[in-house]
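Just so we're on the same page: letters track the sequence lines, and every chain starts at 1.
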Amino acid sequence: MMPLEQRFVAARKSAIAAEYNHLNPMQKEGVLCTEGPLLLLAGAGSGKTTVLIHRIANLLRFGRGSDSEELTMPINEDAIELLEQYAENPQPENRPLMEYLCAVEPARPWEVLAITFTNKAANELKERLTRMIGEEAARDVWASTFHSACVRILRRDIDKIGLSKDFTIYDTDDAKHLIKDCLKELSLEEKSFPPREMLSVISNAKDAMMSPQEYAKRADSMGDWRKQRISKVYSLYNRKLWDANALDFDDIILHTVRLLQSSPETLAYYQRKFRYVLIDEYQDTNHLQYLLAHLLAGGYENICVVGDDDQSIYRFRGANIENILGFEKDYRRARTIRLEQNYRSTQHILDAANAVIRNNQGRKGKTLWTNNGAGDVVTLKTCFNESDEANFIVGQIMMNYHRGANWKDHAVLYRMNAQSNALEYAFKRNGVPYKIFGGMKFFDRAEVKDMLAYLCVINNPADDLRLRRIINVPARKIGQASVDKAQVIATEEGASLFDVVKKATQYPELKSASVKMESFAAMIAEMQEALDGADLIDYYGLVCEKTGYTAMLQEKDDMESRGRLENVEELASSIHAFLENDPENPTLAGFLDEVALYTDLDDSSDSDNCVVMMTVHSAKGLEFPQVFVCGMEEGVFPGNRAMSEDEEMEEERRLCYVAMTRAKEKLTMTNARQRMLFGRTTPNMPSRFLKEIPDGCMEWLSKPEPRPERHWSDDYSDFGSFSYTGSIDVSYESRKPREKPKLESVRKASPASQELPNLQPGQSVQHSAFGKGMVLSVRPMGGDALIEVAFDGIGTKKLMLKAAIDHLKLI
DNA sequence: ATCATAACGCTTTTT
DNA sequence: GCGTTATGAT
């Protein structure tokens, strides 16, 4: 290349780079490396999404301008000088000319595919993209989850592999029901063939692209009786899916891969279309997703995978960490960029986290650092038991609150949902507002599922599973036995259950139920007709009414039914939200698609000021100023199952690393010497992960030994920084469940036997944390009382009077 | 058909 | 220890 051209190419890259001067050098590199395979190892809090967004924006503005020596026009000194100057000191008025000079085949929005794992991530990507490049361009970028991208592809071309385009999607719950049906039909015991396990075996088989026939063959050749049975389940399960014209979540990916593998035109179409492919959270991909990514990116091989091997925590659901560890082997010309500067946490927190994760073998290796300063040391705290632990955490949080912190600046993380009970109790007693994530989700509620089932049946009458769910809800005198009979007939005739129900009176064995069945079918048919051209919201109202579902709830008229009615109505707002979002397919079928893949439309509540509690898994990707990780004990975190297997232990360690790196300012980790879990109290050693944290970045507070008890007398000697005062804390003396008198003495130790005011419903009160409110109810409980107070602008809180009394004033 | 009692079993979770 | 589920009784 001529020197002039070399100078131009260099100046071009510098000028483009100048557009990203607010990024650090590694981030910039990630944005500018547009061509060929790229592995972006993005540590926790390293600004990964920022890089992703800017990278896409860069592709759309400059194409391969920053990563190619290609010239698009004759060049001269002036052009070079302008770019060199721009790189030195970017002037906005020169930007249009600079863009013109630097762009090399800028990507068009629809040529960019950005895949994420969750809808939340996809939406965040779309939002930030919209803000940066404008709505028009952002709309055409394919930013979606694996599953929605695949559904989009399948809706277009699935008929090429012999399936119908109007397939239904079965979620895990549906799949489980289907498995149960299969087991019943094969007369297999659920005890020896747990549906959960069946589902996971089938999922693994699909991930390995093993058909039921292949699975059966393998089972036969091994002579494994159980596997042979499972192969029957797998086979029947798949047949039922086929009959219902349904795909489960694995099928969505599997069939897309099969489609791309078997239809050269389809493959060529997408490979030509997607000039740039980006995969987020690559460490979480399973084998099928890995294949899919490679197929889609196989044309230009401009594949950029982003992820963090140290945050791979979904092995149990098929994630294969080898995908990210082996990326450089898959693509010999791959470039690797490490983002190790952390913008989230203090150095002490990072030192602790780095020290823990360093003990893993299977990793690429990264060391996070920050400019944020050393900050507070990590606090480790050993508590007596889980309620002591919960009280400690609540106490710390209340202390912070009184110093001006927000409740929502605090997060309590745990390994298992079961651990949340003790915490919840402590928060409730102290009147601290909290929110537990990971409970029942909106779309998991029975009433919501019922209404969706109605819509599904209307949309696809062959959906036996959903039909059976709602055929007698509300009660229509169509009993289980009659439905079973009709199902048998349907199977014999090779028809769908709905077909039989429709002409039920032709089958004498259905007896009196047959009339009810036919009128049910008539109702569904009537609604199918009404669908044509109707407004979806109105239509939903019609379905609620015609099915008698709302009437059923209105009649019951108790607290529960009211809530359920609200949820049924709330589904209308989901439909509304769906339509607002200007979907490409604003029909009932389109809505059902979205709902099937989109389970958290309703998590709109980061607005309320609450302490949040969740599992470490659900905390991934989030951050909080104050983080408490509790249950740091051998057998809990790491969990018992990890003890025997190295791979599992490494996953637990990664999980611990994820937990620690959620903290921005202060990290506190607690362990309890004994914990009641699943109804049994067991003594637990402090987690090995705590031992891995170096002295320099932590302090270890500890309750004094309550009493030289059998299981706790020794074994702490190898904990260098463990200190014992040797004195006995009387208030914690043997709080064993059976020793009633002692328990009473503990109660007394808390601010107790003071005079309780005679509160009446209707009384106005002032609370130091929640402000003004009105007492709704007072329920005496022991020597205490549970009061319910409606606080202005906050909502209703339940408080234990004794605990809340110091914060309450009558007004 | 609907309610009651007993028995089980139990990481983590998204699509 | 608790919530879910299966089975049996009315």
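- Proximity of residues 309-317 of chain A to DNA chain B (heavy atom under 4.0 angstrom from any strand atom) is restricted to A:Y314, A:F316, A:R317.
- A salt bridge links A:R128 with A:E124: at least one charged nitrogen is closer than 4.0 Å to a carboxylate oxygen.
- Atom CZ of A:R680 has 12 or fewer neighbouring heavy atoms from other residues, nucleotides or ligands inside a 6.0 Å radius.
- Aromatic ring pairs are classed by plane angle as parallel below 30°, tilted from 30° to 60° and perpendicular above 60°; the pair A:Y290 and A:H287 is parallel.
- A:D484 CG: more than 12 foreign heavy atoms inside a 6.0 Å radius.
- In this structure, B:dT12 is classed as anti because its glycosidic torsion departs from zero by more than 90°.
- The local environment of NZ in A:K449 is crowded, with over 12 non-hydrogen atoms from other residues, nucleotides or ligands closer than 6.0 Å.
- Nucleic acid contact for A:Q289: none, since no nucleic acid atom lies under 4.0 Å from a heavy atom of the residue.
- Scanning residues 411-421 of chain A for heavy-atom distances under 4.0 Å to DNA chain B yields A:R415, A:M416, A:N417.
- Comparing A:T615 and A:A475 by the nucleotide of DNA chain B whose heavy atom lies nearest to each, the residue mapping closer to the 5' end is A:A475.
- Rounded to an integer number of Å, the gap from A:I253 CD1 to B:dT15 C1' is 8 Å.
- When the P atom is used for both C:dT5 and B:dT12, the distance is 15 Å, rounded to whole Å.
- Among the atoms of the strands shown, only primed sugar atoms or phosphate atoms (P, OP1, OP2) are found under 4.0 Å from some heavy atom of A:E190.
- If you take CZ of A:F443 and P of B:dT14, they are 14 Å apart, rounded to a whole angstrom.
- Under 3.5 Å, the side chain of A:T172 and the base of B:dT15 form at least one donor-acceptor pair of N or O atoms.
- Between the P atom of B:dT15 and the NZ atom of A:K620 lies a distance of 12 Å, rounded to the nearest Å.
- For A:E645, the CD atom counts as densely surrounded, since its 6.0 Å shell holds more than 12 non-hydrogen atoms of other residues, nucleotides or ligands.
- With B:dT11, B:dT15, B:dT13 as the choices, the nucleotide that has an atom nearest any side-chain atom of A:T118 turns out to be B:dT15.
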Between side-chain atoms of residues 247-261 of chain A and protein atoms elsewhere (two or more places apart, or another chain), which donor-acceptor pairs fall under 3.5 Å?
from	atom 1	to	atom 2	distance (Å)
A:D248	OD1	A:D250	N	3.1
A:D248	OD1	A:D251	N	2.7
A:D248	OD2	A:K206	NZ	2.8
A:D248	OD2	A:Y237	OH	2.8
A:D250	OD2	A:S203	OG	2.9
A:D251	OD1	A:K206	NZ	2.8
A:D251	OD2	A:K206	NZ	3.3
A:D251	OD2	A:D248	N	3.2
A:H255	ND1	A:D251	O	3.3
A:H255	NE2	A:R258	NH1	3.3
A:T256	OG1	A:I252	O	2.6

Test salt bridge (charged side-chain N to carboxylate O under 4.0 Å, His left out) applied to A:E584 and A:R156, step by step: CA-CA 13 Å; A:E584 54 185 285; A:R156 212 185 142 96; over 6 Å; no
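- Atom CD of A:E633 and atom C1' of B:dT11 are 15 Å apart (whole Å).
- Residue A:T145 places none of its side-chain N or O atoms closer than 4.0 Å to OP1 or OP2 of B:dT14.
- A:F316 pairs by the ring-ring contact (aromatic ring centres under 6.0 Å, His included) definition with A:Y314, A:H617, not counting sequence neighbours.
- Along DNA chain C, read 5' to 3', the first and last nucleotides having any atom under 4.0 Å from a heavy atom of chain A are C:dG1 to C:dA6.
- Other residues, nucleotides and ligands contribute only 12 or fewer heavy atoms inside 6.0 Å of the NZ atom of A:K516.
- With sequence neighbours left out, the side-chain hydrogen bond (donor to acceptor under 3.5 Å, both in side chains) criterion links A:K485 to no other residue.
- Residue A:R196 contributes atom CZ, which lies 11 Å from atom P of B:dT13 at whole-angstrom precision.
- Look at A:S618 and you'll find a side-chain N or O under 4.0 angstrom from OP1 or OP2 of B:dT13.
- Of the two residues near DNA chain B, A:F249 and A:R641, the one whose nearest nucleotide lies more 5' is A:R641.
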